[in-house]
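Given the structure is predicted, the values throughout are model-derived calculations rather than measurements.
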Amino acid sequence: MKILLIAHLLPYPPSGGCSLRNFNLIKEASQQHEIHLLTFFQKVHFQNPKDYSEELQRSIREMKKYCRHVEAFEIPTDGRALAWNTLLFFNLFSQTPYSSWKFHSREMISAIRRHASEHSFDLVEIGTVALAKYRELLPGVPSLLVHHNIESELLFRRSKNAPNPLSRAYLAHQGRKLRRFEQQACENFDYHTTVSEHDKKTLESIHCDIRVQVVPNGVDADYFVPGSESVTANSLIFVGGMSWYPNLDAMNYFTSDIWHLIKSKIPDLTMAMIGRNPPRNITEFAKKETGFKCLGFVEDVRSHISEAAVYVVPLRVGGGTRLKILDAMAMGKAIVSTTIGCEGIDVTHGTDIIIADTAEDIASRTVELLSNRQMREEIGRNARQKALDLYSWKKVYPKLDHTYSELSEMRSPK
């Protein structure tokens with residue numbers, strides 16, 4: 001089949017949740033289908049955001065190994081604080097959520113129209129609800145909308161944890177607008193995919209008359225394997241870019257409410273926090289707290305994960321499923337996560353993960369794991385086996401390909 005894929009993030013380098021998922025699924029799909037990729041990119045995802053042209057071209061070359069055609073466009077407001085703040089203000093008077101306004105691009109519109117005139121596509125896959133408006137440019141082409149999260153649910157959760165009443169009100173307002181936008185998208189697309197059963201049920205509650213297939217997040221289980229490095233006693237790790245709010249909130253929560261509870265029981269505690277764009281308050285915390293290391297972006301995280309005794313995921317906000325947990329599971333690590341952190345992943349508390357939802361419980365469970373090597377290793381072995389059984393990309397992809405097949409057979413696309 002000939003597939004037009006419109007994405008909100010350039011899939012290479014595959015260093016974050018959405019880019020990792022897209023890269024691996026495109027890689028699998030390219031073995032059977034002809035893929036044309038039109039995508040946005042963010043400068044912050046490059047190592048040198050001020051002079052990113054060489055890295056951008058390298059990323060495009062890498063994607064051309066799997067795609068017949070690749071074009072990448074800068075998000076119009078990317079890195080422009082004045083443009084972004086202006087958008088947020090004027091969006092108050094629009095029914096369209098700001099996440100959709102953010103991706104309005106004349107360059108992307110022109111590219112889609114050009115491609116539609118030059119090719120006969122079997123289907124169009126649009127990579128997030130924020131890009132749903134671009135579906136209007138492809139009438140008559142069977143359409144698939146990918147939901148990495150249920151975005152309105154994510155905003156509602158954020159609004160509950162926002163630091164002040166104004167932020168809570170604004171986020172809740174945007175959540176309501178996004179919920180209406182999702183309802184409209186459900187009507188305008190022929191098929192939808194979600195990453196979990198939870199998200200599928202939420203989407204069906206938004207609009208019951210839709211076709212939805214669960215295509216879980218996955219892991220390259222040949223790349224993320226148990227390492228040979230010696231485990232450092234009483235060591236923790238967290239991996240996640242700080243430009244994504246749920247990760248930022250998780251580390252603010254950990255440093256303010258959890259770290260000292262664990263350290264009071266284990267004085268020689270160490271913690272490695274890995275992720276792009278750590279905020280100043282976290283870097284300052286690392287300077288003051290012995291044992292807390294803020295490492296920033298690390299190209300290959302495997303040795304760091306391998307050396308850590310326990311992998312922590314103290315997320316309070318989120319949606320979809322966390323690829324960071326699947327990576328850690330594949331590496332055979334003992335994980336302590338909140339319920340939201342491991343939401344949508346088929347794990348069992350006490351068997352292949354430890355689940356805790358208050359600062360006190362997270363701290364006590366982490367101390368218990370750090371003090372019990374046998375327990376850590378057993379949970380890690382079970383986690384590795386679960387990743388192999390359910391979440392390798394080669395086992396995940398056929399579910400997406402089944403969706404492609406059903407879409408291509410549609411006689412009367414919307």
Side-chain angles (χ1 to χ4, degrees), residues 1-30 33 35-42 45 59-60 63 66-76 78 97 99-105 107-109 111-112 115-116 121-138 141-152 154 178 181-182 184-186 188-196 199-200 203 212-218 244 319-321 323 393 396-397 399-401 403-404 407:
M1 284 187 282
K2 185 179 286 190
I3 300 171
L4 176 61
L5 200 161
I6 303 172
H8 68 300
L9 290 175
L10 184 61
Y12 193 93
S15 57
C18 288
S19 59
L20 269 168
R21 175 184 172 87
N22 289 344
F23 177 79
N24 283 283
L25 289 177
I26 289 172
K27 185 177 177 181
E28 294 293 328
S30 68
H33 307 295
I35 300 172
H36 294 242
L37 175 65
L38 302 179
T39 181
F40 288 102
F41 68 87
Q42 284 186 291
H45 289 167
S59 296
I60 291 173
M63 291 313 302
Y66 310 105
C67 302
R68 178 64 61 88
H69 182 87
V70 180
E71 289 183 55
F73 308 99
E74 184 178 353
I75 297 171
D78 189 28
S99 56
S100 181
W101 271 28
K102 173 182 176 180
F103 287 102
H104 180 75
S105 163
E107 288 182 303
M108 177 63 84
I109 290 170
I112 293 171
H115 262 63
F121 290 105
D122 295 292
L123 65 94
V124 57
E125 176 182 334
I126 293 184
T128 179
V129 72
L131 306 182
K133 286 288 187 181
Y134 291 119
R135 194 263 177 275
E136 299 170 2
L137 303 175
L138 297 149
V141 181
S143 56
L144 169 65
L145 181 59
V146 176
H147 300 264
H148 297 274
N149 311 279
I150 305 302
E151 298 293 342
S152 60
L154 187 61
L178 192 47
F181 195 71
E182 288 166 340
Q184 184 180 20
C186 285
N188 293 337
F189 282 79
D190 301 296
Y191 225 123
H192 301 259
T193 62
T194 64
V195 301
S196 71
D199 283 4
K200 178 184 177 182
L203 193 63
V212 188
Q213 170 71 50
V214 176
V215 181
N217 280 327
W244 195 51
T321 58
L323 279 87
W393 287 116
V396 167
Y397 173 71
K399 297 178 181 180
L400 178 60
D401 197 60
T403 303
Y404 288 164
L407 264 173

Separation of M108 CE from F40 CZ (nearest 0.5 Å): 4.0 Å

Within-4.5 Å side-chain heavy-atom neighbours: P14 and Y12: yes

R135 side chain to N188 backbone, donor-acceptor under 3.5 Å: yes

Return a table of donor-acceptor pairs under 3.5 angstrom between the side chains of residues 18-25 and protein atoms on other chains or two or more places apart.
unit_1: S19; atom_1: OG; unit_2: S15; atom_2: N; d: 3.3
unit_1: S19; atom_1: OG; unit_2: G16; atom_2: N; d: 3.0
unit_1: S19; atom_1: OG; unit_2: G16; atom_2: O; d: 3.1
unit_1: R21; atom_1: NH1; unit_2: V215; atom_2: O; d: 3.0
unit_1: R21; atom_1: NH1; unit_2: P216; atom_2: O; d: 3.0
unit_1: R21; atom_1: NH1; unit_2: N217; atom_2: OD1; d: 2.9
unit_1: R21; atom_1: NH2; unit_2: V215; atom_2: O; d: 2.9
unit_1: N22; atom_1: ND2; unit_2: C18; atom_2: O; d: 3.4
unit_1: N24; atom_1: ND2; unit_2: L20; atom_2: O; d: 2.8

Close side-chain approach of L178 and V129, heavy atoms under 4.5 Å: yes

Approximate separation, where rounding is to 0.5 Å, of H192 NE2 and L203 CG: 6.0 Å

Donor-acceptor contact below 3.5 Å, side chain D190 vs main chain S143: yes

From M1 atom CE to I35 atom CD1, the distance as rounded to the nearest 0.5 Å: 10.0 Å

Side chain to side chain contact (heavy atoms under 4.5 Å, CB included) between V124 and Y134, worked out: CA-CA 10 Å; V124 57; Y134 291 119; over 6 Å; no

T194 (side chain) donor-acceptor with V214 (main chain) under 3.5 angstrom: no

Expected output: side-chain T39 to main-chain L9 donor-acceptor under 3.5 Å: yes

Minimal non-hydrogen separation, Y66 against S30, with atom names: O-CB, 3.1 Å

Residue K27 excluded, over 12 heavy atoms near NZ under 6.0 Å: no

Distance (rounded to the nearest 0.5 Å) between S59 OG and F41 CZ: 9.5 Å

Separation of L38 CG from E107 CD (nearest 0.5 Å): 11.5 Å

Closest non-hydrogen atom pair, D199 against H148: OD2-O, 4.2 Å

Backbone N/O of I3 and side chain of D122: donor-acceptor pair under 3.5 Å: no

Intermediate values then yes/no, side chain to side chain contact (heavy atoms under 4.5 Å, CB included), K133 and F103: CA-CA 10 Å; K133 286 288 187 181; F103 287 102; over 6 Å; no

Closest approach of V396 to G218 (non-hydrogen atoms, all atoms of both residues): CG2-CA, 4.3 Å

F189 side chain near I126 side chain, heavy-atom distance below 4.5 Å: yes

Check: L37 main-chain N/O paired with H115 side-chain donor or acceptor under 3.5 Å: no

T403 and K399: CA distance, side-chain angles, deciding distance, side chain to side chain contact (heavy atoms under 4.5 Å, CB included) verdict: CA-CA 7 Å; T403 303; K399 297 178 181 180; 6.0 Å; no

Heavy-atom check, side chain of I109 versus side chain of H104, under 4.5 Å: yes

Audit row: F181, E151, side chain to side chain contact (heavy atoms under 4.5 Å, CB included) steps and yes/no: CA-CA 10 Å; F181 195 71; E151 298 293 342; over 6 Å; no

E125 side, atom CD; H33 side, atom NE2 - distance, nearest 0.5 Å: 10.5 Å

Aromatic ring pairing H36/F121, orientation class (parallel under 30°, perpendicular over 60°, tilted between): perpendicular

